[in-house]
2 protein chains.
Amino acid sequence: MTPRQARLEQQRSDILQAAATLIAERGFHGMSMRDLAEATGFGVSSLYNYFASKEELLAELQTRAFATLIDAAESSLTDAIDPSARLYVFIFNQVRYFIDHADVMRVLIHEAAALPAEHRHKVRGLKEAYFRIGRDAVAAVFAQGCGTPDTARGPVDAVALDRATYSIFGMINWVWAWYEPALHGTPEDVARSIHSLAVCGLVARCPSSPTHAQLPPDFAQRQVSLLNRRTGND
Amino acid sequence: MTPRQARLEQQRSDILQAAATLIAERGFHGMSMRDLAEATGFGVSSLYNYFASKEELLAELQTRAFATLIDAAESSLTDAIDPSARLYVFIFNQVRYFIDHADVMRVLIHEAAALPAEHRHKVRGLKEAYFRIGRDAVAAVFAQGCGTPDTARGPVDAVALDRATYSIFGMINWVWAWYEPALHGTPEDVARSIHSLAVCGLVARCPSSPTHAQLPPDFAQRQVSLLNRRTGND
DNA sequence: GATTGGCGAACGAACGTTCGTTCGTCAACG
DNA sequence: CGTTGACGAACGAACGTTCGTTCGCCAATC
């Protein structure tokens, strides 16, 4: 990559990050290209040297973010740890990303419908791919039972599995709406709360959430580097 | 109430419902007053006979919806049933409302930030009141344990309780993003899935979700009438 | 080493359209 | 007959986008 291309890519990333912040605040239609120009220091027309239109800018933002999420999830789930720990890794990955990139996350959740049809289908495909990764992780825990054979429930019907998976996604995705570091603990605390709720519920007795000791030793660093890759929205 | 006032109130409700649909589709800034005029059959300027501004319209929509939710939750939780069943009632209430009024719900979730400061604080107050109702229901289950004394965990720290409550709200609120009646079962199925996940998790053995037999016999009808009251967004 | 020319990148100005809102008017109803 | 409410026309502001131009860098030429 020439320095020329690197500079261009860097500025595209900067613009995307600024756009994520503004869209998260005011919504896609609430952000004007003039707002974005002021936030980035560019003139309004210069933005069109980097993105063909406002809608293409949104599409690029969403595509990059989902690709990052999928990459991080796939890479982190290659380890052959037990289902409950795998689910924790998946949850922590996503919680971590949402807390670190709250504005990008808000865009992902809120502005899927603002895309033109062509881009919407592409993003939809990425979203479904991501959903399947999560559902596989949930299904493994579901099938396994509480870790001991006598509590195993056996296979569950597909609709109930979908509902459970969507519900777990709901816990994770909702983090953007309430989490404040000063009030609600660390991202690890959040991930543990969600994992505990997903696996054991509020009241049941079962093994506590995996500690870091049970996870690969380089786990934390791996996640960070993965999540900062490709999106460039840091 | 004179017929005059009744007619005015009816038309205000109609306009609010149409606005909810449009805002849910395109976002607050994405809906124009001309769109709303076309959807309601009014001329653009006639809308200003009913609402002082576009922002006041949004504020009224959100205020009415939260007031409806709070009323329904408070009324349905007066019965002295056991904590787990109370939590189910709370969850079902909200799921039911979200599925019946998916557009209003999307507005509640997405467009809080679009309000001017004054109205935003008022709505924020309603939202916190609603949160406290849910948190009390969660806390009772949390404290009770799995219904038998030997599994009781005792009191939990406040931050963890908040995290768990927010997570349960997340499961419920996320329903708008995925639920389709043809694919995912009845609203009761959804409420049971969420309740089961909240109380027992994916794997633990514990009493199944309350059946309707355990609930007051007029439960279903009471919910419907409550939820259709005051909002008028039907 | 100085001059030139091509080119990516940034810009201000302006386009036509749409935005939220206001106003004067006029028909209809109580 | 007086009040209410519906309306089209019009407002200034802001929208996304385009255009012509300029600036500065880097390589090729003298």
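For clarity, every value in this text was computed on a predicted model and none was experimentally measured. So that the names make sense, note that chain A is the first sequence line, chain B the second, and so on, each numbered from 1.
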### Query
Quick one: are the ring centres of Phe131(A) and Tyr166(A) less than 6.0 Å apart?
yes
### Pairing of Glu38(A) and Arg34(A) as salt bridge, 4.0 angstrom limit
no
### Summary
Heavy-atom contacts, protein to nucleotides 5-10 of chain C, under 4.0 Å, summarised as B (base), S (sugar-phosphate only) or - (none) per nt, yield ---SSB
### Task
Rounded to the nearest angstrom, tell me the gap between atom CZ in Arg34(A) and atom C1' in dT17(C).
12 Å
### Task
Let me know the distance between CD of Glu55(A) and C1' of dC15(D), rounded to the nearest Å.
14 Å
### Query
What's the OH-C1' distance between Tyr48(A) and dA13(C), to the nearest Å?
15 Å
### Task
To the nearest Å, give me how far apart CD (Glu38(B)) and P (dG8(D)) are.
13 Å
### Query
Any donor-acceptor pair under 3.5 Å between the side chain of Ser45(A) and the base of dG12(C)?
yes
### Query
What is the distance, rounded to the nearest whole Å, between atom NE2 of His29(A) and atom C1' of dT18(C)?
13 Å
### Message
Looking at Glu118(A) and Arg124(A), is there a salt bridge between them, counting it only when a charged N and a carboxylate O are closer than 4.0 Å?
### Response
no
### Geometric class of the Phe92(B)/Tyr88(B) ring pair [parallel <30°, tilted 30-60°, perpendicular >60°]
parallel
### Message
Can you measure Glu56(A) atom CD to dT17(D) atom C1' for me and round it to whole angstrom units?
### Response
14 Å
### Message
Taking the basic N atoms (NZ, or NE/NH1/NH2) and the acidic carboxylate oxygens, is any pair closer than 4.0 Å for Arg163(B) and Glu188(A)?
### Response
no
### Task
Give a yes/no verdict on a cation-pi contact between Lys127(A) and Phe66(A), requiring under 6.0 Å between NZ or CZ and the six-membered ring centre and an angle within 45° of the axis.
no
### Query
Rounding to a whole Å, what distance do you find between Met33(B):CE and dG12(D):C1'?
17 Å
### Message
In whole Å, I'd like the distance from the CZ atom of Phe51(A) to the P atom of dT17(D).
### Response
13 Å
### Query
Closer than 4.0 Å, any side-chain N/O of Ser32(B) to the OP1 or OP2 of dT18(C)?
no
